[in-house]
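Quick notes on the structure that follows.
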Amino acid sequence: MKWDKRMGVKEALRLALKYDLFSLGALAEEIRMRLNDPHIVTYAVDRNINYTNICISQCRYCAFSREREAPDAYVLDQETLLEKLRATKKRGGTHILLQGGLNPHLPFSYHLNMVRTIRESGLGVHGYSPPEILFFSQLYKRPIEYILEALKDAGLGSVPGGGAEILSDRVRKALSPKKASTKEYLTVMEKAHRIGLKSTVTMMFGHMESWVERIVHLKLIRDLQDRTGGFTAFICWPYQPWPNGLPQKVNYPAEYLRVLAISRIFLDNISHIQASWVTQGKDVAQIALFYGADDMGSTMMEENVVSSAGTTHMLDEWAIREIITRAGFLPKKRDVFYRILN
Ligand code: SF4
């Protein structure tokens, strides 16, 4: 199968529902090889820091958030932050992926100080997903642009795509009614891009969405990318179920690979697609390199959100390099902007 024109929603839906997985994978791989160096798979060395698990949003798919009174509720303090930064630098980390719950008890200065501290350590800050930015705007009664500019002035370098889940208000109202709507998520992203902040963008699927909603999600992302060019990479993963949580609709690798391949084919204006070893494990992540992924994500060093649901895959830099090499590619370390590092 060959495809050399931009794919429409109806065509993508037909492909997703009717085509066999191998044909989809072959097409996705052909596009990936055309868009990126066919010999190289990139990865980053970074650390995930989730600065608080206190959150008012109560999304139904979340096993991470806590109420303020919970015995394991926390807010990261300065001393622990400095310790984590030292350990990240020691391991050759380039940046921090900084995200947290929607905690109304923290002043804006807490966030600005945290970003400054990370920057002063020499690490980059890939931080604050659109729902957090929107929440700050509402909590501190300042426009979204003000929040973004203030964080950028403090040292924020780029924005992670967390919180997109499925960009359908039907799904969002049912699963996360207190979190940013579809329009709000895209508005924050557009404003971030307009002031020069690059971002990643994500999709968490396999809960209550339909294939139509998945494709519309991709279309909204592609349209925004046409306007701003601010997305560096796309990352998708299936929702990870947890006891008493939302039931999972799909949990088999074939569905993950199908979504990944369709995403690569449809998102013709986004350069990079990550494999999700955190949710899929290293074997499926390796196969993902033949279904459209050209990047193995990052070391993370600590992972608190997916692991709260019981999924615990951990890889260090050498393990990531090994799985890339064994798949037949050259592993190359990159920074948050996907620039290859020596
Ligand atoms: S997914 Fe994020 S916003 Fe939703 S409850 Fe969990 S921490 Fe809060």
Side-chain angles (χ1 to χ4, degrees), residues 47-76 96-106 108 110-111 114 125-140 144 147-148 151 159-189 192 199-209 213 217 235-249 276 278-279 300 302-312:
R47 179 181 200 127
N48 221 1
I49 293 183
N50 300 115
Y51 53 88
T52 182
N53 63 351
I54 298 171
C55 185
I56 52 147
S57 191
Q58 296 173 327
C59 305
R60 285 186 58 206
Y61 42 74
C62 182
F64 167 73
S65 73
R66 295 289 182 276
E67 292 190 350
R68 195 186 193 186
E69 298 72 29
D72 53 350
Y74 73 85
V75 172
L76 187 74
I96 297 295
L97 168 54
L98 186 69
Q99 295 184 109
L102 309 183
N103 184 339
H105 310 290
L106 298 174
F108 195 32
Y110 172 88
H111 299 287
M114 187 160 52
V125 190
H126 181 53
Y128 299 109
S129 59
E132 290 165 275
I133 303 280
L134 178 74
F135 176 69
F136 295 166
S137 164
Q138 293 160 345
L139 183 68
Y140 308 127
I144 290 166
I147 300 291
L148 286 165
L151 289 169
V159 174
E165 329 307 3
I166 291 289
L167 293 170
S168 145
D169 285 336
R170 179 191 78 88
V171 175
R172 301 179 86 77
K173 273 183 193 144
L175 300 185
S176 52
K178 295 187 194 162
K179 200 156 150 175
S181 67
T182 299
K183 190 173 172 207
E184 288 167 335
Y185 179 94
L186 293 168
T187 299
V188 173
M189 280 302 191
S199 75
T200 51
V201 64
T202 63
M203 174 162 77
M204 184 185 73
F205 61 93
H207 31 84
M208 62 170 286
E209 84 290 348
E213 284 163 332
H217 176 108
I235 311 133
C236 66
W237 67 91
Y239 156 68
Q240 303 298 297
W242 47 287
N244 307 323
L246 201 65
Q248 190 184 43
K249 213 161 74 174
S276 177
V278 178
T279 61
M300 298 187 137
E302 62 174 290
E303 204 295 314
N304 305 301
V305 178
V306 169
S307 58
S308 302
T311 306
T312 48

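Since the model is a prediction, treat every value here as computed from it, not as a measurement. Whatever order the structure lists ligands and atoms in, that order sets their numbers, starting from 1.
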- Task: Assess whether side chain to side chain contact (heavy atoms under 4.5 Å, CB included) is satisfied between N48 and L97, documenting all intermediate values.
- Result: CA-CA 5 Å; N48 221 1; L97 168 54; 3.2 Å; yes
- Query: Yes or no on side chain to side chain contact (heavy atoms under 4.5 Å, CB included) for V171 and E165, after CA distance, side-chain angles and deciding distance?
  - Reply: CA-CA 9 Å; V171 175; E165 329 307 3; over 6 Å; no
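A donor-acceptor pair shorter than 3.5 Å can be found between the side chains of T182 and D169. Between the side chains of T187 and E184, no donor N or O sits under 3.5 Å from an acceptor N or O.
In summary, the aromatic rings of Y51 and Y128 are positioned with their centroids under 6.0 Å apart.
Closest of all the heavy-atom pairs between Y185 and A180 is N-CB, 4.1 Å.
Protein atoms of type N, O or S found under 2.8 Å from atom 8 (Fe) of ligand 1 total 1.
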